[in-house]
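The chain is numbered in sequence order, starting from 1. All ligand and atom numbering here is 1-based and tracks the order in the structure.
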Amino acid sequence: MEFRDLKQQYQVLKGEIDQAMLTTAAHGSYILGPQVGQLEESLAAYVGVKYCMGCGSGTDALTMVLMQWGIGPGDAVFVPDFTFYATAGVVCREGATPVLVDVDPDTFNMDPERLEQSIRRVLAEGRLKPRLVIAVDLFGLPADYARIMPIASRYGLQVLEDGAQGFGGSVNGRRACSFGDAAITSFFPAKPLGSYGDGGAVFTNDPLLHAGVRSVRAHGRGADRNDHVGTGLNSRLDTLQAAILQVKFKAFQEYELERVNQVADAYARQLPAVVKVPQIPAGYRSSWAQYTIQLPDRALRDRLIDDLARRQIPAKVYYTKPLHLQTALLAAACPYADELQQASRLSATVLSLPMHPYLSEQDLERVALAVGASLDQCD
Ligand SMILES: *Cc1c(COP(=O)(O)O)cnc(C)c1O
């Protein structure tokens with residue numbers, strides 16, 4: 001059993017993926033070839049925004065938006081404490097200060113009430129200028145934009161949706177990567193829509209931002225291709241990755257997203273009651289980047305990891321360290337570390353189980369039984 005079975009996905013899609021790769025090799029437009037533009041258009045249409053730009057990674061996508069919005073020294077950027085490090089790392093790289101916000105223990109996502117408290121505190125201290133909220137769609141579930149957006153606008157902040165794990169999720173039919181003033185996703189192989197290497201995308205309805213990130217993607221190029229008007233990166237989505245993604249995106253829409261939701265429902269039915277299964281608020285849909293359960297305490301969680309490993313069932317902890325314990329962020333977070341209790345508790349009690357569209361009924365049952373057996377021993 002695999003945690004996320006990309007090799008089996010390849011076996012299922014092999015004919016079309018091989019064809020896509022060979023076609024790209026033969027046509028020779030390896031950089032920004034026709035498949036990149038086609039993919040950008042179909043992703044924008046699916047998500048429901050005007051513009052999509054492919055790039056080298058989710059991290060670069062975040063960075064390019066921050067560069068375009070002029071986020072830098074003296075700026076406060078509000079980031080959830082429980083996420084992958086990149087969400088805050090990109091803020092530090094621009095010289096701005098990440099302000100860590102605790103999360104909701106039911107959804108794992110940024111707690112809007114805590115966000116407002118943090119904005120007020122930063123304003124009261126007067127040292128940093130609140131500029132931006134980066135809300136993360138953790139484990140595939142969109143953040144609470146209905147509450148985050150009005151708070152941000154009340155204080156004049158922009159919102160960037162980090163949809164690296166969120167692509168395919170939705171809220172009342174509105175799809176992830178369409179929230180905020182801009183959104184990003186990642187095509188890292190294990191993400192909900194993954195390629196065979198690094199890749200990412202920026203989504204927005206703002207023509208100026210779209211033009212801006214396209215310039216940054218190509219070294220800061222101007223309207224005259226030989227003139228450079230700003231500082232940029234070299235961060236393109238390879239034609240080869242785009243061609244592979246076109247095939248995978250079709251499967252994603254036709255059955256993969258449906259299938260991971262069936263797996264999640266089956267887990268919720270079969271796992272023992274002592275396990276807290278992911279809570280999906282009414283109207284929300286997850287794309288299940290991870291299926292993350294909560295155990296009553298660290299000791300039970302850690303024993304469950306050992307018991308599953310003994311039965312060759314892969315399970316992983318996302319994330320063992322909240323951002324406020326990351327060495328690079330200790331200084332930014334330390335005055336408020338005691339306010340970040342949910343993220344701390346989650347890092348001690350969560351466990352992500354095997355989750356992917358090709359997980360068989362038998363494997364799913366084996367996981368649920370093994371979890372039950374491990375937790376039974378403690379009665
Ligand atoms: C994976 C991830 C990123 C970074 O994406 P890459 O494509 O790996 O650079 C950013 N934010 C979150 C929440 C992620 O999970």
Side-chain angles (χ1 to χ4, degrees), residues 3-4 6 39 43 52-67 71 77-94 98 100-101 103-104 107-110 132-145 148 159-169 176-177 179-180 182-203 213 216-217 233-238 241-242 244-245 248 286-292 316-323 326 328-329 343 346-347 350 352 355-356:
F3 188 69
R4 190 161 188 96
L6 299 171
L39 179 75
L43 294 177
C52 168
M53 180 198 74
C55 63
S57 70
T59 305
D60 282 359
L62 289 168
T63 297
M64 287 190 275
V65 174
L66 298 189
M67 288 171 76
I71 303 295
V77 178
F78 299 86
V79 171
D81 190 29
F82 197 59
T83 176
F84 178 56
Y85 176 71
T87 314
V90 294
V91 175
C92 299
R93 215 180 70 165
E94 297 308 305
L100 306 176
V101 177
V103 297
D104 180 315
T107 63
F108 304 109
N109 282 331
M110 181 184 270
L132 174 67
V133 180
I134 306 182
V136 176
D137 304 335
L138 203 72
F139 303 148
L141 182 71
D144 188 353
Y145 296 99
I148 290 171
V159 175
L160 172 56
E161 176 187 3
D162 180 346
Q165 302 180 15
F167 189 85
C177 298
F179 297 102
I184 70 96
T185 199
S186 163
F187 303 124
F188 179 82
K191 305 282 167 143
L193 179 62
S195 195
Y196 287 172
D198 280 307
V202 177
F203 299 87
V213 291
V216 173
R217 173 169 79 170
L233 312 174
N234 170 14
S235 181
R236 291 160 307 210
L237 180 66
D238 293 339
Q241 299 300 345
I244 292 162
L245 281 166
K248 293 230 215 169
S286 177
S287 57
W288 299 108
Q290 305 294 347
Y291 188 87
T292 303
K316 298 182 186 182
V317 177
Y318 295 105
Y319 295 89
T320 56
K321 260 190 181 193
L323 292 190
Q326 301 287 330
L329 300 176
L346 289 171
S347 64
V350 291
S352 300
M355 167 54 86
H356 58 84

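Looking only at protein heavy atoms, the nearest one to atom 2 (C) of ligand 1 is Lys191 NZ, 2.5 Å. If you check which protein heavy atom lies closest to atom 11 (N) of ligand 1, you get Asp162 OD2, 2.8 Å.
Under a 4.0 Å criterion applied to the non-hydrogen atoms of Ser57, ligand 1 contributes the atoms 7 (O), 9 (O). Atom numbering of ligand 1 starts at 1 in the shown order; those under 4.0 Å from a heavy atom of Gly58 are 5 (O), 6 (P), 7 (O), 9 (O). Applying the 4.0 Å criterion to heavy atoms of Ala164 picks out, from ligand 1, the atoms 2 (C), 3 (C), 10 (C), 11 (N), 12 (C), 14 (C), 15 (O). Residue Thr87 approaches ligand 1 through these ligand atoms, each under 4.0 Å from one of its heavy atoms: 11 (N), 13 (C). Less than 4.0 angstrom separates some heavy atom of Gly199 from each of these atoms of ligand 1: 7 (O). Heavy-atom proximity to Thr83, at under 4.0 Å, picks out these atoms of ligand 1: 13 (C). If you number the atoms of ligand 1 from 1 as listed, the ones under 4.0 Å from a heavy atom of Val136 come out as 13 (C).
The side-chain heavy atoms of Cys92 and Pro98, taken from C-beta on, include a pair separated by under 4.5 Å. Under the 4.5 Å side-chain criterion, counting only non-hydrogen atoms from C-beta, Asn109 is not in contact with Asp104. Looking at heavy atoms from C-beta onward, Val79 lies in side-chain contact with Leu323 at the 4.5 angstrom threshold.
Here the straight-line distance linking atom SG of Cys55 with atom CG of Asp238 works out to 11.5 Å at 0.5 Å rounding.
Side-chain atoms of Thr320 and Ser347 form no donor-acceptor pair, as typed in the model, at a separation below 3.5 Å.
Both the backbone and the side chain of Thr59 come within 4.0 Å of ligand 1, judged by heavy-atom distances.
Residue-ligand proximity: Ala61 is placed with every non-hydrogen atom at 4.0 Å or more from ligand 1.
Closest heavy-atom approach to atom 7 (O) of ligand 1 within the set Ala88, Ala201, Ser186: this belongs to Ser186.
Classification of the Phe82-Tyr319 ring pair by plane angle, with boundaries at 30° and 60°, yields perpendicular.
Side-chain atoms of Arg4 come within 3.5 Å of backbone N or O of Ala190 as a donor-acceptor pair.
Among residues two or more places apart in sequence or in another chain, the side chain to side chain contact (heavy atoms under 4.5 Å, CB included) test is passed with Ala328 by Tyr85. In this structure Ala183 satisfies the side chain to side chain contact (heavy atoms under 4.5 Å, CB included) test together with Glu161, Cys177, Phe203, sequence neighbours excluded.
Considering backbone and side-chain N/O atoms, Asp60 never comes within less than 3.5 Å of an N/O atom of ligand 1.
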